[in-house]
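See below for the structure under consideration.
Order of the sequence lines sets the chain letters (A, B, ...), proteins ahead of strands, with each chain counted from 1. We use all heavy atoms of the structure for the numbers below, so side chains are in, but hydrogens, waters and symmetry mates are not. This structure is a prediction, so every number in the text was calculated from the model and none was measured.
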Protein chains: 2
Amino acid sequence: MPTAGRVLDHPARADIRLESVLHALSDPARLQVVRFLAELPPGEEVACSAIDLAVTKSTTTHHFRVLREAGLISQVYRGTAKMTALRRADLGALFPGLLDAVLTADAAQRHRSAARQDG
Amino acid sequence: MPTAGRVLDHPARADIRLESVLHALSDPARLQVVRFLAELPPGEEVACSAIDLAVTKSTTTHHFRVLREAGLISQVYRGTAKMTALRRADLGALFPGLLDAVLTADAAQRHRSAARQDG
DNA sequence: TTCTTAGTACGATATACGCCGTAGTACGCA
DNA sequence: TGCGTACTACGGCGTATATCGTACTAAGAA
């Protein structure tokens, strides 16, 4: 019998709130996670540990929870790992173009920062 | 001679950060302000008092400051009023499509809420 | 069973946020 | 000068956030 304590709950598509999504994306660490997931082939999942955040593991757990509760990512246990994927379909259906716009904006900002560094 | 204490400082275009913009937009009251400003003809300014938020004036002041410091709006004193406008050009140059995507997402979410109410 | 790996839960702390009320300032007008 | 309007500044309050460290649990391998 499956371990009840290891089931994670996610908001249904209809319960995903724009404000929560924007708030979740407004933290650099969480934006980094989303950027990482967005670069994977659609549908692909990775373990939390595949993403190297500049914070401790417990803080990482916290950020993943914020992303999950906002509806940005889905997570399932797979052995010892917890696999994470972007909820592209849900986000695309609710807020068409939003995720792309944020990722494009992020890429542009990062590009500008890099250019400034290079002088 | 102009009163020094009444000059408001705004971040330069290059200093506007995506994270701050997303954070500013993640509050319902501030999103309401941006929605209101976005519906005006481009370049048009309004006084703070033209936007009716469900909070006190001091809280309104707070939200306007957050929006200004994030680079979303510009504000200038014009007599006793403080005129506010969306920084469309700066936002469009830095993060093309972002503002539209957020406003579209907000409109869609509001539309869904209304539909749910109507049954 | 023991060890390792992956992630969680909990408690603590410092800071930020959203909100309010009161008191104050700047400007325009009578 | 005095008054009203528009907005600000400050202090307080309660909650949320970001962070950490330590202790813990689940699953798999030796």
Side-chain angles (χ1 to χ4, degrees), chain A residues 1-10 17-34 36-37 45-70 72-85, chain B residues 1-10 17-34 36-37 45-70 72-85:
Chain A
M1 117 186 203
T3 315
R6 305 212 87 199
V7 175
L8 298 159
D9 45 84
H10 298 72
R17 301 289 307 167
L18 175 60
E19 300 86 339
S20 305
V21 168
L22 294 176
H23 174 252
L25 292 172
S26 73
D27 181 279
R30 293 192 293 258
L31 191 49
Q32 179 185 341
V33 171
V34 171
F36 183 95
L37 294 174
E45 298 172 332
V46 293
C48 295
S49 54
I51 305 172
D52 194 39
L53 299 182
V55 293
T56 64
K57 284 208 298 182
S58 46
T59 302
T60 300
T61 298
H62 161 70
H63 285 309
F64 274 84
R65 181 168 50 236
V66 172
L67 286 168
R68 176 167 46 82
E69 291 179 350
L72 275 158
I73 62 174
S74 60
Q75 299 188 289
V76 291
Y77 285 102
R78 191 98 73 215
T80 68
K82 187 177 179 182
M83 307 305 288
T84 301
Chain B
M1 123 186 197
T3 314
R6 304 214 88 201
V7 175
L8 298 160
D9 46 82
H10 299 70
R17 302 289 309 168
L18 176 61
E19 299 87 339
S20 305
V21 168
L22 294 176
H23 173 252
L25 292 171
S26 72
D27 181 277
R30 292 193 293 258
L31 192 50
Q32 179 184 340
V33 171
V34 171
F36 182 95
L37 294 173
E45 297 171 333
V46 293
C48 295
S49 54
I51 305 172
D52 195 36
L53 300 183
V55 293
T56 64
K57 284 210 294 184
S58 46
T59 302
T60 300
T61 297
H62 161 69
H63 285 310
F64 273 85
R65 181 167 49 234
V66 172
L67 286 168
R68 176 167 46 81
E69 291 178 351
L72 275 158
I73 62 174
S74 60
Q75 298 187 291
V76 291
Y77 285 103
R78 191 96 75 216
T80 67
K82 187 177 180 181
M83 306 306 287
T84 299

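Side-chain atoms of B:Cys48 lie closest to D:dC7 of the nucleotides D:dC7, C:dG28, D:dT17. Set against C:dT5, D:dA18, D:dA6, the side chain of A:Thr80 has C:dT5 as its closest nucleotide. The side chain of A:His62 lies closest to D:dT19, out of D:dT19, C:dC17, D:dA6. When the nucleotides D:dC20, C:dG21, D:dA6 are ranked by their closest atom to the side chain of A:Val55, D:dC20 comes out on top.
Atom CG of B:Leu31 and atom C1' of C:dG18 are 16 Å apart (whole Å). Whole-Å rounding puts the B:Gln75 CD to D:dA6 P distance at 16 Å. Across the protein-nucleic acid pair, A:Met83 atom CE and C:dT5 atom C1' stand 15 Å apart, rounded to whole Å. Protein atom NZ of B:Lys57 is 12 Å distant from nucleotide atom C1' of C:dT25, rounded to whole Å. Put simply, CZ on B:Arg65 is 11 Å from P on C:dC17, counting in whole angstrom units. Atoms CG (B:Leu8) and C1' (D:dA9) sit 13 Å apart, rounded to a whole Å. With rounding to whole Å, B:His23 atom NE2 is found 11 Å from D:dA16 atom C1'. Following rounding to the nearest Å, B:Glu69 (CD) and C:dG18 (P) show an atom-to-atom distance of 12 Å.
The 5' end of DNA chain D is approached more closely, in terms of each residue's nearest nucleotide, by B:Phe64 than by the other of B:Phe64 and A:Ser26. Comparing A:Val66 and A:Gly79 by the nucleotide of DNA chain D whose heavy atom lies nearest to each, the residue mapping closer to the 5' end is A:Val66.
Nucleic acid contact class of A:Arg30 (heavy atoms, under 4.0 Å, all strands): sugar-phosphate only. Within the nucleic acid shown, B:Thr59 comes within 4.0 Å of at least one base atom, counting heavy atoms only. The residue A:Ala47 sits close only to the backbone: its heavy atoms come under 4.0 Å of sugar-phosphate atoms, none of a base.
The shortest distance between side-chain heavy atoms of A:Leu18 and B:Leu31 falls below 4.5 Å. A heavy-atom distance below 4.5 Å is found between the side chains of B:Gln75 and B:His10.
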Before giving the answer on side chain to side chain contact (heavy atoms under 4.5 Å, CB included), spell out for B:Thr59 and B:Leu53 the whole-Å C-alpha distance, their side-chain angles and the decisive distance to 0.1 Å. CA-CA 9 Å; B:Thr59 302; B:Leu53 300 183; over 6 Å; no
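Close to C:dC19, at under 4.0 Å from its OP1 or OP2, lies a side-chain N or O of B:His63. The shortest distance between the side-chain N/O atoms of B:Thr56 and the OP1/OP2 oxygens of C:dC20 is below 4.0 Å. Applying the 4.0 Å criterion to OP1 and OP2 of C:dC27, one finds that B:Arg78 has every side-chain N and O outside that range.
At a cut-off of 3.5 angstrom, the base of C:dG21 holds at least one donor-acceptor pair with the side chain of B:Ser58.
In this structure, A:Ser26 and B:His23 approach most closely via the heavy-atom pair CB-N, 3.4 Å. Closest heavy-atom contact between A:Glu45 and A:Ala85: CG-CB, 3.8 Å.
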